[in-house]
> 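Take a look at the following structure, please.
Below, each value reflects all heavy atoms present in this structure, side chains not excepted, and no hydrogens, waters or symmetry copies. Predicted model only: the values in this text are computed from it and were never measured.
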Amino acid sequence: MSDNLSFVLKKVDTVAFEQRPIPDIGSHDVLVEVKKTGICGSDVHYLVHGRIGKYVLESGKDMVLGHESSGIIAKVGQLVSHLKPGDRVAIEPGATCRTCGTCKEGRYELCPNIRFAATPPFDGTLGRYYAVPSDLVYPLPSELSLEDGAMIEPLSVAVHAVVRLGNFRTNQSIAVFGCGPVGLLCMAVAKAFGASRIIAIDIIPHRLEFAKSYAATDAFLPPPLEQGETNVKFSERAAAAMKAVLDIAEQGARGIDLVVDASGAEVSIQTGIRIVKSGGTYIQVGMGRPEVTINIDIVLSKQLIMKGSFRYGAGDYPLAISLVAQGKVDLRPLVSHRFPFQDALLAFETTRHGKGSDGKGVIKTIISGPDVKVDEL
Amino acid sequence: MSPVAFPTHRAAVLYGPKDIRIEDRLVWPPQYDQVQVAVKSTGLCGSDLHYYTDGRNGDFAVQSPLVLGHEAAGVVVSVGPGVKHLVPGQRVAIEAGVMCRQCDYCRSGRYNLCKSLWFASSAKTIPHHDGTLQDRMNHPSHVLHPLPDNCSFEVAALAEPLSVLIHASRRANLQRGQRVLVFGVGSIGILACALAKSYGAAQVAAVDINQQRLNFAKSNGFASRTYCLPAVDRAKTTDEQLRRARENVQRVLADFGTPDGYDIVFECTGAESCIQMSIYAAVTGGKVMLVGMGSRNVMLPLSAAALREVDIQGSFRYANTYPTALSLLSSGKLQNVEKLVTHRLRLHETARAFDLLARGRDEQGNMVMKIMIAP
């Protein structure tokens with residue numbers, strides 16, 4: 001097909017379907033015909049606010065949305081020999097410069113020159129075609145559907161947080177704050193890695209229930225915030241309640257080795273550092289308000305390892321795909337809503353409101369590519 | 001076509017063992033993402049010497065005329081299309097290994113192990129890529145490193161062998177306060193001593209069979225203790241080999257006053273007997289870093305290593321070391337490192353330079369360490 005129908009963010013809360021030129025590809029690149037794209041909270045954030053932190057969609061400029069995609073190779077660059085048209089692939093949507101010290105050292109996720117899909121000013125994957133370097137597409141084993149392929153992106157975020165940065169080991173215990181897709185996938189990764197205990201925390205009961213049915217061994221619903229109570233005081237109360245109800249200790253076998261915050265909420269962060277064991281690791285993967293108050297004395301006295309986790313890096317996509325291919329992580333239960341390409345805006349609105357027209361809670365919404373059937377997995 | 005339109009430059013080209021010819025070659029403009037460097041200084045390395053004397057380096061035989069040299073620095077004279085970060089006039093060090101930047105090794109930061117790596121002056125890949133023993137060289141821009149202002153071309157050329165040691169030290173996890181022993185004080189061994197000292201080693205000791213080199217190491221402050229082992233014929237049996245290795249080490253450790261041994265042993269000779277001694281000379285729980293290249297198949301007292309948790313690690317070239325190396329060289333922290341350059345010759349004398357390097361001693365009987373070739 002010679003058209004490249006794309007779903008474009010024109011400005012805050014304004015989208016349009018437009019034809020865009022089919023991108024040219026370099027000798028090391030491939031052109032992918034995008035088949036399935038999942039929607040992430042960050043995509044919705046750009047639609048609603050037009051920015052995330054310092055990344056701003058400038059006025060007068062527009063941007064194709066979407067970055068969690070899979071597709072079929074349409075064309076390969078001259079020097080690409082390990083892929084061919086027709087191959088089903090998952091897309092890692094961030095081309096880096098490969099020449100800066102950060103890239104050469106193997107921490108390419110921190111490359112200052114990264115061209116990441118749907119982060120201004122770079123176009124995303126919600127078009128018919130997307131061009132990307134050939135080493136950033138990963139062939140899907142036959143066990144994986146194209147929908148699974150689109151979910152490899154958030155799964156890689158979870159792999160990066162739990163395995164790469166969290167150094168999670170077999171028989172360790174983990175607590176995950178926030179039962180959205182990333183939180184759920186962090187729990188799934190921990191389970192695949194032989195966790196002895198996986199504690200899910202959320203303030204929305206049906207999300208918590210789903211987490212319990214999906215991967216968590218324990219679920220905790222925090223008490224409601226009391227009138228006039230500060231977040232810090234609340235976190236003390238919530239942490240005490242968690243420790244009592246779930247039999248969590250500061251050290252030893254009942255200690256929590258790894259806490260991952262996938263919510264970005266201040267109270268979660270404050271509670272998280274209280275319940276992680278002495279000497280344990282705390283990973284911040286959830287994005288929330290930039291300024292947060294925490295009890296840094298706890299970080300100090302418990303000698304906590306506190307790390308930020310950003311996207312994914314070397315080895316994460318292959319590990320994610322391998323976990324799904326081996327059946328150690330099941331992505332299918334997470335797809336809650338499906339939309340055809342022409343209903344992309346409805347897909348975004350549904351994700352934003354957290355509930356579909358069917359009344360079902362949203363976990364992951366998948367948009368099919370132009371002319372791709374919704375039930376063609 | 002006027003000949004004035006085609007500038008030429010000189011290259012020292014290896015046609016076969018001991019056959020180096022100085023040729024006039026056309027100067028080609030730099031291609032996309034390449035930079036043209038006027039090479040100002042090339043240091044000669046043992047691997048270059050192997051190519052010169054044997055026409056091969058281990059498994060790799062020279063298949064076509066090859067320009068040697070890979071320890072170099074120079075000045076940018078022109079940049080190809082697409083190059084934004086370097087300008088003519090900029091002084092740079094040349095990293096001879098060019099990685100693909102696409103494979104898993106490159107993406108995870110271990111580009112010295114890149115599957116498609118090519119190395120200028122090596123006959124490992126075909127077609128061969130010419131090295132730095134020429135007046136002009138076109139080289140990929142992403143492996144050229146700007147020099148600090150106070151770093152001369154000669155000292156910058158030392159960034160290459162220093163990089164080998166920086167990489168080995170990282171793999172060894174060299175820490176301040178450790179005791180370090182170096183077997184073999186050629187250029188690599190001397191740099192191992194200097195680097196260990198700059199890291200704050202509690203003690204740096206050196207062993208060799210050449211008293212002149214050991215004197216050089218001691219008098220320039222590279223090593224605080226030195227020991228000269230006798231150069232003897234190979235032992236006839238394995239048991240005899242190991243017995244000698246153990247006894248030599250006992251004597252050396254007693255002389256050095258470090259009966260427990262050394263935290264890190266840099267093996268910079270490649271000689272079987274030294275590799276065996278390295279294992280005995282390491283403390284329980286220590287590390288032996290194999291930097292020297294020589295014997296391929298070596299008999300090791302493996303249980304003496306394994307049961308004492310002495311780790312034996314290999315090290316291949318370097319990755320992500322040039323900026324650190326240049327910074328270290330220009331900082332003054334490697335005192336007397338410039339003394340490594342013992343002889344200087346010109347490009348047209350390259351063959352003589354290799355002969356000198358092979359002899360190890362000049363006409364006056366002075367020891368040869370590092371020879372630098374200028375245009």
Side-chain angles (χ1 to χ4, degrees), chain A residues 24-30 76-83 89-116 131-139 156 159-160 163-165 311-322, chain B residues 31-35 76 79-86 90 92-118 139-146 148 159 163 166-167 169-171 317-328:
Chain A
D24 285 323
I25 57 170
S27 46
H28 281 290
D29 300 339
V30 295
V76 299
Q78 284 179 305
L79 296 177
V80 177
S81 53
H82 65 290
L83 295 162
V89 293
I91 303 171
E92 185 178 342
T96 56
C97 79
R98 307 177 199 267
T99 51
C100 70
T102 310
C103 281
K104 286 188 188 174
E105 268 178 0
R107 313 274 318 265
Y108 66 77
E109 68 272 20
L110 299 175
C111 173
N113 312 308
I114 192 171
R115 294 189 298 283
F116 199 85
V132 68
S134 62
D135 60 305
L136 294 181
V137 293
Y138 302 84
S156 296
V159 163
H160 192 67
V163 178
R164 212 65 64 197
L165 293 168
R311 295 185 186 137
Y312 28 74
D316 293 330
Y317 258 69
L319 180 55
I321 292 174
S322 176
Chain B
Q31 302 295 294
Y32 180 81
D33 223 17
Q34 279 189 334
V35 163
V76 174
V79 298
V83 177
K84 298 190 194 87
H85 64 290
L86 293 170
Q90 195 149 17
V92 291
I94 301 169
E95 186 174 351
V98 181
M99 60 289 198
C100 78
R101 301 177 284 168
Q102 319 273 342
C103 71
D104 293 336
Y105 291 110
C106 284
R107 296 211 301 155
S108 65
R110 298 184 75 175
Y111 69 73
N112 59 316
L113 304 177
C114 167
K115 297 176 196 175
S116 323
L117 182 88
W118 58 262
H139 203 60
S141 65
H142 66 93
V143 284
L144 293 170
H145 304 272
S163 285
I166 291 173
H167 184 68
S169 300
R170 284 181 188 161
R171 279 182 57 71
R317 293 201 192 115
Y318 38 79
N320 304 300
T321 53
Y322 262 73
T324 303
L326 291 169
S327 169
L328 204 47

> Counting only heavy atoms closer than 4.5 Å, note whether Cys97(A) contacts chain B via side chain, backbone, both or neither.
backbone
> Students often mix this up, so state it plainly: with edges at 30° and 60°, are the rings of Trp118(B) and His139(B) parallel, tilted or perpendicular?
perpendicular
> For chain B, which of Lys104(A), His28(A), Arg107(A) has the most heavy-atom pairs under 4.5 Å?
Lys104(A)
> Using the rule given for side chain to side chain donor-acceptor pair (under 3.5 Å), can you reason through Tyr138(A) versus Glu92(A), listing the C-alpha separation, both sets of side-chain angles and the distance that settles it, and then say yes or no?
CA-CA 8 Å; Tyr138(A) 302 84; Glu92(A) 185 178 342; 2.4 Å; yes
> So, does Tyr111(B) use its side chain to make a donor-acceptor pair with the main chain of Asn320(B) at under 3.5 Å?
yes
> Between Asp104(B) and chain A, which part of the residue has a heavy atom less than 4.5 Å away: side chain, backbone, both or neither?
neither
> Is there a side-chain contact between Pro133(A) and Arg98(A), using heavy atoms and a 4.5 Å cut-off?
yes
> Among the options His142(B), Arg107(B), Arg110(B), pick out the one with the most heavy-atom pairs lying under 4.5 Å from chain A.
Arg107(B)
